[in-house]
Amino acid sequence: MRKTNSTNSINENRLSLLCGMSHALSVIGGRWKPSILFSLTEGCKRYNELRKDIPGVSERMLVSQLRELEADGLVERTVYPEVPPKVEYALTALGRSTQPMLREISAWGARHRKG
């Protein structure tokens, strides 16, 4: 966790305000967020379904990334009042708007992947 008043945080926030690409990458960037969003394009999923769809992600990281995506308004978390608790994750309208971009990034990566 970085201090909000650190020079690095201030510069990151300033750049995010001035540059659309920087803002987009700060919201959807990283190792796991694109995979989570891409998995949810198939529809709402429970935590364990996401875990199976994304090999290599740790429980801690998946929870953390889902919370960030929820805080940024891309994913919604629905808790059903039953025992045992049932929780589902789904894309919001904002999250669904990332689909064309994610598909294009995926296609670009496939075209330019070495090996």
For V83, the hydrophobic cluster (side chain heavy atoms closer than 4.5 Å, chained through members) also holds none
Correct closest heavy-atom pair for L94 and S97 would be O-OG, 2.5 Å
Besides M21, the hydrophobic cluster formed by Ile, Leu, Val, Met, Phe, Trp and Tyr side chains linked at under 4.5 Å, directly or via other members, contains L25
Please confirm whether the backbone N or O of C19 pairs with a side-chain atom of S22, one donor and one acceptor, at under 3.5 Å? no
Residue pairs passing the salt bridge (Lys or Arg N to Asp or Glu O under 4.0 Å) test with at least one member in residues 80-102, sequence neighbours excluded, are K86-E88
Subject >> Main-chain N/O of G73 paired to T92 side chain as donor or acceptor, under 3.5 Å >> reply: yes
In short, salt bridge (Lys or Arg N to Asp or Glu O under 4.0 Å) pairs touching residues 18-32 with sequence neighbours left out are none
Side chain to side chain contact (heavy atoms under 4.5 Å, CB included) filter on T98, not counting sequence neighbours, yields I28, L37, L74, M101, L102
For S58, the side chain to side chain contact (heavy atoms under 4.5 Å, CB included) test, sequence neighbours excluded, returns R60, M61
Residues pairing under salt bridge (Lys or Arg N to Asp or Glu O under 4.0 Å) where one sits in residues 104-115, two or more places apart or in two chains, turn out to be E104-R111
Rounded to the nearest 0.5 Å, the CZ atom of F38 sits from the CD1 atom of I105 at a distance of 10.5 Å
Sorted by chain and number, sequence neighbours left out, side chain to side chain contact (heavy atoms under 4.5 Å, CB included) with V79 holds for R77, V87
So side-chain hydrogen bond (donor to acceptor under 3.5 Å, both in side chains) across residues 64-74, not counting sequence neighbours, yields K33-E68
For the backbone of R103 and the side chain of S106, can you confirm whether one donor and one acceptor N or O come within less than 3.5 Å of each other? no
When L50, L62, V57, L66 are each screened for side-chain contact (heavy atoms from CB on, under 4.5 Å) with W32, the one that passes is V57
E42 meets the side-chain hydrogen bond (donor to acceptor under 3.5 Å, both in side chains) criterion, sequence neighbours left out, with K45
Sorted by chain and residue number, the side chain to side chain contact (heavy atoms under 4.5 Å, CB included) partners of E59 (sequence neighbours excluded) come out as Y47, R51
ring-ring contact (aromatic ring centres under 6.0 Å, His included) pairs touching residues 88-115, sequence neighbours excluded, are W108-H112
